[in-house]
Amino acid sequence: MAASLKDKPVTVLAKVTAVDTTARTCDIDDDGVEMYGIRLQCITDGNTGITVWPKVGSQVLCLRIEEGDTYAIVQTAEVDKLEIKIEGKSLTADKDGFVFNNGTVGSVKADKMVEWMAKVYADLQTLITLLLTSPVAGNGAALAIAFNPTTPQPQLSDMTDDALKH
């Protein structure tokens with residue numbers, strides 16, 4: 001006699017045997033009982049929200065969804081990758097580091113960038129002074145070049161995005 005859905009466990013603690021990145025599912029082994037197509041997200045409303053990709057061989061805790069025959073991972077002992085997608089923003093974290101918005105927006109060391117820009121700004125100011133005071137060879141008058149720079153003094157606050165912390 002086949003077991004009814006009511007006889008199926010509500011929670012399952014098992015080992016991950018495979019991960020399908022396209023289907024966003026994994027297969028598990030619960031003491032010799034194989035289960036396939038376990039959701040990596042409890043709620044599958046598109047590919048948004050938080051997805052935890054478990055490491056093959058790690059333990060996961062799965063929860064049966066309502067009274068159906070579908071299970072989803074709710075906790076994992078070891079993680080290969082984490083994805084967070086909120087509207088148009090995304091963060092992916094894995095052993096190689098963190099990628100924001102699929103790598104289309106990079107991060108800089110703002111303090112080092114402002115330090116470099118301050119040196120460029122100082123060089124620009126020196127160049128202005130030299131252009132205004134250096135005599136032209138042969139006539140002794142200063143070089144008459146009208147130069148009106150529009151480059152402001154660099155400020156760290158102008159270079160940082162408060163939405164990104166690191």
Side-chain angles (χ1 to χ4, degrees), residues 1-121 123-124 150-166:
M1 178 170 162
S4 72
L5 286 176
K6 289 183 180 181
D7 294 334
K8 293 198 175 213
V10 174
T11 60
V12 175
L13 182 62
K15 183 187 282 189
V16 176
T17 58
V19 175
D20 184 334
T21 57
T22 303
R24 302 173 83 81
T25 62
C26 71
D27 300 336
I28 60 173
D29 181 326
D30 179 23
D31 293 327
V33 176
E34 293 283 328
M35 297 175 72
Y36 305 97
I38 306 300
R39 290 182 187 178
L40 298 181
Q41 292 177 281
C42 294
I43 299 170
T44 56
D45 187 17
N47 292 333
T48 61
I50 299 173
T51 305
V52 177
W53 302 86
K55 185 174 184 177
V56 172
S58 68
Q59 281 197 319
V60 291
L61 178 63
C62 305
L63 181 67
R64 188 173 75 189
I65 298 174
E66 294 186 332
E67 293 185 16
D69 200 19
T70 305
Y71 286 81
I73 292 178
V74 294
Q75 189 61 271
T76 181
E78 295 180 68
V79 176
D80 260 348
K81 181 169 69 171
L82 171 70
E83 286 182 348
I84 301 173
K85 294 183 181 179
I86 304 170
E87 294 184 11
K89 306 287 185 196
S90 67
L91 165 65
T92 302
D94 62 18
K95 65 178 179 51
D96 296 322
F98 299 90
V99 177
F100 294 92
N101 301 324
N102 297 319
T104 58
V105 178
S107 180
V108 298
K109 294 180 180 177
D111 55 343
K112 295 292 185 186
M113 181 179 65
V114 170
E115 181 181 310
W116 176 82
M117 291 178 75
K119 290 177 183 178
V120 170
Y121 182 81
D123 288 345
L124 183 60
T150 59
T151 306
Q153 177 76 24
Q155 301 294 321
L156 180 61
S157 60
D158 294 337
M159 312 295 173
T160 57
D161 181 354
D162 291 336
L164 177 61
K165 305 282 189 227
H166 61 90

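For the numbers below, each heavy atom of this structure counts, side chains included, while hydrogens, waters and symmetry mates do not. A quick note: this is a predicted structure, and the numbers were derived from the prediction, not measured.
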I would like to know whether Lys55 and Val16 meet side chain to side chain contact (heavy atoms under 4.5 Å, CB included); could you show each step before the answer? CA-CA 7 Å; Lys55 185 174 184 177; Val16 176; over 6 Å; no
For side chain to side chain contact (heavy atoms under 4.5 Å, CB included), just list the numbers for Val99 and Leu91, CA-CA rounded to whole Å, side-chain angles, deciding distance to a tenth of an Å, and then say yes or no. CA-CA 6 Å; Val99 177; Leu91 165 65; over 6 Å; no
Take Gln41 and Ile50, measure what side chain to side chain contact (heavy atoms under 4.5 Å, CB included) needs, and give me the verdict at the end. CA-CA 7 Å; Gln41 292 177 281; Ile50 299 173; 5.9 Å; no
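Contact detail for Glu83 and Thr92: the closest heavy-atom pair is CG-OG1, 4.0 Å. Residues Asn101 and Lys89 approach most closely at OD1-CA, 3.2 Å, considering heavy atoms.
For the atom pair OH (Tyr36) and CG (Asp29), the distance works out to 8.5 Å, reported to the nearest 0.5 Å. In this structure, Tyr71 OH and Leu61 CG are separated by 11.5 Å, a value rounded to the nearest 0.5 Å. Distance CE/Met35 to OG1/Thr17: 11.0 Å, rounded to 0.5 Å. The NZ atom of Lys15 lies 14.5 Å from the CG atom of Asp27; values are rounded to the nearest 0.5 Å. With values rounded to the nearest 0.5 angstrom, Cys26 atom SG is found 11.5 Å from Asp80 atom CG. Distance check, rounded to the nearest 0.5 Å: NZ of Lys81 to CG of Leu40 gives 10.0 Å.
Other residues, nucleotides and ligands contribute at most 12 non-hydrogen atoms within 6.0 Å of the CG atom of Asp31.
Each of Thr76, Ile28, Ile38 was compared with Pro54 under the side-chain contact (heavy atoms from CB on, under 4.5 Å) criterion, and only Thr76 meets it.
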